[in-house]
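The next block holds one structure in the form of structure tokens; read it before the comments.
Quick caveat, the model's predicted, so the values are computed rather than measured.
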Amino acid sequence: MCDFTPGHAALGGALIAASLAVMLVGTGRIAGLSGVIAGVTRRRDREWHVWFVAGMLAVGAVSFRLAQQVFDAHGPRALPVVAFSGLLVGAGTRIANGCTSGHGLLGMARFSRRSLVATAVFFGVAVATATLAHGRLS
């Protein structure tokens, strides 16, 4: 990640926070991504979930077209490893009843004790996994 700049990171974080706040204040809904994606498969209240996911994909496609150099087309891991990792993350978010965007951004901002615990577990496991895997997989 040689193109990292603190300014870009701060701007990106501010945009994410603003979009989550607009969603919460404007609709009363929490934009936790695991819940939004799970909502695509439900019958009740499905339409906004589908539009939300379509919007995420559209923004990703536009961003890719405008700034291809920031996307890593050839990641350091094989696709099956990445896919399996994604399945584990998905299972964990369902068990925790939320993900880092729901708990870590919105729940923490609302001083939710459950979100504090969930976020501490998410990041603790992430640090331990990265530390253990760094020497073996790099």
Side-chain angles (χ1 to χ4, degrees):
M1 176 155 282
C2 60
D3 294 334
F4 172 80
T5 63
H8 287 127
L11 177 60
L15 288 171
I16 290 169
S19 67
L20 295 174
V22 166
M23 179 82 170
L24 183 61
V25 172
T27 68
R29 293 183 171 123
I30 292 177
L33 297 185
S34 64
V36 169
I37 292 184
V40 170
T41 63
R42 290 187 218 127
R43 290 184 181 178
R44 190 185 96 235
D45 204 25
R46 180 175 182 240
E47 186 177 4
W48 80 267
H49 293 93
V50 171
W51 281 109
F52 193 102
V53 171
M56 288 191 310
L57 294 173
V59 167
V62 168
S63 298
F64 180 75
R65 294 293 273 159
L66 295 176
Q68 291 182 16
Q69 71 277 8
V70 300
F71 287 83
D72 186 4
H74 305 289
R77 305 286 176 254
L79 184 58
V81 172
V82 174
F84 182 67
S85 300
L87 288 173
L88 289 175
V89 169
T93 61
R94 296 313 297 157
I95 291 167
N97 198 25
C99 59
T100 54
S101 57
H103 284 301
L105 298 172
L106 289 168
M108 295 289 286
R110 294 179 2 210
F111 303 109
S112 164
R113 282 184 277 169
R114 189 178 91 174
S115 292
L116 174 64
V117 171
T119 302
V121 171
F122 293 155
F123 284 100
V125 170
V127 168
T129 301
T131 301
L132 291 172
H134 180 68
R136 295 180 190 163
L137 300 175
S138 295

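- Atom CD1 of I30 and atom OG of S115 lie 7.5 Å apart (nearest 0.5 Å).
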Could you pull out every donor-acceptor pair under 3.5 Å between side chains of residues 12-19 and any protein atom, sequence neighbours left out?
| from | atom 1 | to | atom 2 | distance (Å) |
| --- | --- | --- | --- | --- |
| S19 | OG | L15 | O | 3.3 |
| S19 | OG | I16 | O | 2.8 |

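- Taking both residues in full, the closest heavy atoms of N97 and H103 are given as O-NE2, 3.5 Å, listed atom of the first, atom of the second, then distance.
- One distance of note links CG of L20 with CG of L106; it measures 4.5 Å at 0.5 Å rounding.
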Identify each donor-acceptor pair in which a side-chain atom of residues 47-68 lies under 3.5 Å from a protein atom, sequence neighbours left out, and give them as a table.
| from | atom 1 | to | atom 2 | distance (Å) |
| --- | --- | --- | --- | --- |
| W48 | NE1 | D45 | OD2 | 3.0 |
| H49 | ND1 | D45 | O | 2.7 |
| S63 | OG | V59 | O | 2.8 |

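- Considering every non-hydrogen atom in both T93 and S34, the closest pair reads OG1-CB, 3.5 Å.
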Extract all donor-acceptor atom pairs below 3.5 Å that involve side chains of residues 120-130 and protein atoms in other chains or at least two apart in sequence.
| from | atom 1 | to | atom 2 | distance (Å) |
| --- | --- | --- | --- | --- |
| T129 | OG1 | V125 | O | 2.8 |

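- In this structure, the side chain of T119 does not engage the main chain of L116 through any donor-acceptor pair within 3.5 Å.
- A donor-acceptor contact shorter than 3.5 Å links the side chain of S85 to the backbone of V81.
- A single hydrophobic cluster is seen to contain both M23 and L33, as judged by linkage of ILVMFWY side chains at heavy-atom distances under 4.5 Å, directly or through other members.
- When atom types are taken as modelled, the side chain of R46 and the backbone of V40 share a donor-acceptor pair closer than 3.5 angstrom.
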